[in-house]
Amino acid sequence: MLQQLEGLHLSARSLLVERGGRAIVKDVSFELASGEALMVLGRNGSGKSTLLRALAGLLPLRGGELAFNGGDGALLCESAHYVGHADGLKSALTALENLAFWASMLGAGAKFSPQEALEKVGLARIGDFPVGYLSAGQKRRVALARLFVAPRPVWILDEPATALDVGSQEKFAASMAEHRAGGGMILAATHAPLGLIDAKELRLDARAAHERAGVA
Amino acid sequence: MSSPLVALFLREARIARSIGGGGAMGVVFFLILVSLTPFAIGPDLNLLAQIGPAILWIAALLATLLGLDRLFQADADDGSLDLLTMTSTPLELVVLVKCAAHWTLTALPLVAAAPLLGLMLGLEPRAQAGVAASLLAGTPALTLLGAIGAALTAGMRRGGLLMAVLILPLTTPVLIFGVSTAAAASGGTVPFHTPFLILCALSLATVAGAPFAAAAALRGREG
């Protein structure tokens, strides 16, 4: 089981993220505590990925405040898993080698060994297969297995269900529920329902449309 | 569970050894470039011996830069670089370890092959040893300077040529002192240790400085 994570708190106040000099994410605020999930919704180009990348520390914040209390004073980017559009896997290495690398790189104290993590995403038998031979859905599942080999309290997921079949989506929904039950936090951008129960919603659409009207 | 940096080094080594990883490419390129030279210049042994160290150095310079453009580009493309910046390991150390792995797998074979190729260029044993020693001391500087260029062009498609254009001028001092070290080994007015120590200093300076420059370039890649 997850060690119980209590007292996590993430608060964002009027965040501003720019790309190429244009404000993509503007005036976004939310609060999130242990066990809660945030669904970031919006059309293509509404800034979902940009917001999540900024939260993961991969893009600089141009304005606003982001405060994270992870208990032991760790930074958000070091307490968070990020699953983006790219899977972060080396196609020349096997699934197990990839996972073992990320296990030692992302943090010690793993709850699951790489093999157990693969079993959790239903890929127990392809562990010693080079990732380059796997299908898109299988690659995505190996990328999601990374969430289990290094325990981190915050999951930042950008379209995590892309290319997953129905069975895998249900499995992953169960894993997310388990993570939240253990006190973890999930921020996800999605178009498809992810099976996150009682998730807070953050809509980027309305604001973007409003801004565009204002500019025009 | 191995420490993060050891794991990173082993991963780089595995990728370089796999098919298409490009680990052996540098030394093959080096071999071809050096063996073409006698055909171009003609079988004048005295001339070859005179310009041999310079040929070996230019070939080593190009061979080192050959695979370097993929140093960060591959990780940027598949999303690994994002995850590497989110670890508690400083990005500067990640850069340094990646360079160390690249140097071990690409430049070290060049150092080992240089004396053998020196034979083809008619170098005396002392000159062969001098070339090998100068390459051993000087190639870390080439790898680390190249890493700055690789970091600057990591977000670009086909950034390899731009990287070479950015970095080749910066490698001039390394080339000058590398060749003069090799020349001093086979006799001359300059004692061997003078250019050799400057070459070592250049390598040490890049070890100290280049990881910071490359990490800063990687962090500023977007936004």
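Since this is a predicted model, take the numbers as computed values, not measurements. Proteins come first, then strands; the chains are lettered A, B, ... in the order of their sequence lines, and each starts at number 1.
With rounding to the nearest 0.5 angstrom, the CE atom of B:Met86 is 6.0 Å from the CG atom of A:Leu58. Note that CG of A:Leu89 and OG of B:Ser80 are 7.5 Å apart. Values are rounded to the nearest 0.5 Å. Rounded to the nearest 0.5 angstrom, B:Leu5 CG and A:Met105 CE are separated by 6.0 Å.
Between B:Arg14 and A:Glu97, some side-chain heavy-atom pair lies under the 4.5 Å cut-off. Counting heavy atoms from C-beta outward, B:Asp78 and A:Asp87 have side chains that stay 4.5 Å or more apart.
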Test side-chain contact (heavy atoms from CB on, under 4.5 Å) applied to A:Trp102 and B:Leu84, step by step
CA-CA 9 Å; A:Trp102 286 120; B:Leu84 287 173; 4.0 Å; yes
Applying side-chain contact (heavy atoms from CB on, under 4.5 Å) to A:Phe101 and B:Leu8, what does each step give before you reach the verdict?
CA-CA 7 Å; A:Phe101 167 68; B:Leu8 181 63; 3.7 Å; yes
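In this structure, the portion of A:Leu93 lying under 4.5 Å from any heavy atom of chain B is its side chain and not its backbone. For B:Thr89, the part lying under 4.5 angstrom from a heavy atom of chain A is the side chain only. Proximity to chain A (any heavy atom under 4.5 Å) is restricted, for B:Asp77, to the backbone atoms N, CA, C and O.
Counting heavy-atom pairs closer than 4.5 Å to chain B, the top residue among A:Lys90, A:His85, A:His81, A:Arg53 is A:Lys90. Among B:Leu83, B:Leu81, B:Thr87, the residue making the largest number of heavy-atom pairs under 4.5 Å with chain A is B:Leu83. Top candidate by heavy-atom pairs under 4.5 Å with chain B, chosen from A:Ala80, A:Cys77, A:Gly84, is A:Cys77.
Other residues, nucleotides and ligands place no more than 12 heavy atoms under 6.0 Å from the CD atom of A:Glu65. Counting heavy-atom neighbours within 6.0 Å of A:Tyr82 OH, excluding the residue itself, gives a total above 12. The 12-atom threshold is not exceeded at CZ of B:Phe212, counting heavy atoms of other residues, nucleotides or ligands nearer than 6.0 Å. In A:Phe129, the CZ atom is not crowded: 12 or fewer heavy atoms of neighbouring residues, nucleotides or ligands sit closer than 6.0 Å.
The heavy-atom pair separating A:Ser104 from B:Pro4 by the smallest distance is O-CG, 3.4 Å.
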